[in-house]
Amino acid sequence: MVVPRPVRMDPLDAAPFVLSPAARISVAGPGAEPVAVLLRAQLAADCGREPDIVHEPPAFGDIAIVIAPGEGPHDDGSDSEEGYTLEVAAEGVRIGAATPAGAFWGAQTLRQLLPAAADGDAPAIDAVHVHDHPRFRYRGAMLDVARHFFTPAEVERFIDAIVLLKVNHLHLHLTDDQGWRLHIASWPDLTRIGGSTGSDGSRGGFYTQQEFRDLVAYAAARHVTIVPEIDMPGHTNAALASYPELTADGVAPALYTGREVGFSTLRSGDETTRRFVRDVVREVAALTPGPLLHLGGDEALSTAADDFADFVRDAARVVAENGKTPVGWHEIGKVDGLPEGMVGQYWDFTTPRDRAAELALALVRNGGSVILSPSNAAYLDIVYEDGDAIGQDWTGGPTTLRDSYLWDPARIVPGLGDAHILGVEAALWTETVQTIEDAEEMVFPRLAAVAEIGWSPAPADTEPVEAARDLDGFVERVAALAEHWDAAGTRYRTVPEVPWRPATEVPSLP
């Protein structure tokens, strides 16, 4: 009962494993102990067990974490960088991986197999062998901290929730019309002024550079890469209100707390704007060890077409000069002369409209790749049902768990296959989302669907997606996640598609 569905999961005709109070975690290989430390903390939260960590061969009933060349799932020729094997038997549990990331994802599978609600009894799981690796190397969730600000502790809570689903990238939307959330030392008024407000008059706030470094480190310890987004040249009212010299007329606009888009733009073709971009990108790149830096580029409706092209081309070059791969929303595909290998993020519908497919393919022809975030399936700010108090409905209707599950990244843009797809991302925009609990309810369980699409094997080309994806089996597995969310205090929406179980009922392996 695991989400995302493993590549192979074979029940064994053997006695179950019981996690007794005497169980230990035996570690071997570089990076195994940090994985064990995190697993021990997660087991303490999940089921009240805190096994000792030992550097010696496992005894009966122990959990072993072994990291070494050849320990990943190599036999099918797959990339084993994040792959793992998991063997469960009465004698103990063994997680094998070639890398710490693979071992960590194996540990998340073990967590899901172990019941979180054991009612005082020792948690037990059936004997099973798991052989697993991801379909895509980028499996993301986006948290918009610009519209409503979330504290470092709240972002850490969000990270802890998404790793259970093997999500390995957190895209932080750090700047928008309503707020600028990362301190830039060379332009301090961006946060002093631009960071003082949020959507609907909500609290302001921002991250100091040390707080951001700490978030990056917290995520990295859990094998999550933070992708910072500085949205430009549109979505910039907070910056314009902070520095009027960035505006076309030299007059600072009022701070903005509404929900409209497309009205703001940085001044084009100006040396002050170019210096602003160079300074901001330099400081953000220095804070971010991950390879990606997102420039936004969407909904720049107040920027002339030629100015938009010049701006994106120059800003992308600055990102590349600072050692990062530039990322932008798929609108950047209309710009010629971008750095080779630039990544586009597709946000149109599962059936492309207008030029969306053409622009995504243009980036691939430039040697780049695409992240798929179709808004009518993977935008988690869209309402679950008509009439919801939280959420938006601009995609034309609610997005159900079924909608989030029954699509495939390789079947959206004709000609765009797995080889050109970096991965998938579920995005949460927060115009209407005021608290981290509200954020979690919008994200879970729909993130489970997008996470499975990003990790689990692709459906056969000859099968319709609806036939290839077992929706009934998926919602059963989602139901089993509820006890883990309950144990962690993670809020989730009890959508009607899922046969939610009473808290005392513990599912067995299928």
List the atom of [X], the atom of [Y], and the distance in Å for their closest heavy-atom pair.
X	Y	answer
Gly391	Thr432	N-OG1, 2.9 Å
Asp132	Lys166	OD2-CE, 4.3 Å
Gly397	Ile382	O-CG2, 3.5 Å
Gln108	Val163	CG-O, 3.5 Å
Gly83	Ala97	O-CB, 3.7 Å

Any side-chain heavy-atom pair of [X] and [Y] under 4.5 Å:
X	Y	result
Asp403	Tyr384	no
Pro152	Asp214	no
Val155	Leu170	yes

Exercise for the section: Carefully, step by step, assess Asn376 and Trp407 under the rule side chain to side chain contact (heavy atoms under 4.5 Å, CB included). Expected result: CA-CA 10 Å; Asn376 61 333; Trp407 64 281; over 6 Å; no
Handout entry: Test: Asp200 and Arg259 ion pair at under 4.0 Å
Key = yes
Practice task
State which residue, out of Arg469, Arg139, Arg477, Arg135, fulfils the side chain to side chain donor-acceptor pair (under 3.5 Å) condition with Glu452.
Solution key: Arg477
Handout entry: No-hydrogen, no-angle side-chain donor-acceptor test under 3.5 Å, Tyr138 and Ser369
Key = no
Below 30° counts as parallel, above 60° as perpendicular, anything between as tilted: where do the rings of [X] and [Y] land?
X	Y	value
His235	His173	perpendicular
Trp485	Trp500	tilted
Trp394	Tyr379	perpendicular

Exercise for the section: To the nearest 0.5 Å, tell me how far Arg501 CZ sits from Glu483 CD. Expected result: 9.0 Å
Handout entry: Within 6.0 Å of CZ in Arg402, more than 12 heavy atoms from elsewhere
Key = no
Practice task
Kindly say whether the aromatic ring centers of Tyr207 and Phe149 come within a distance under 6.0 Å.
Solution key: yes
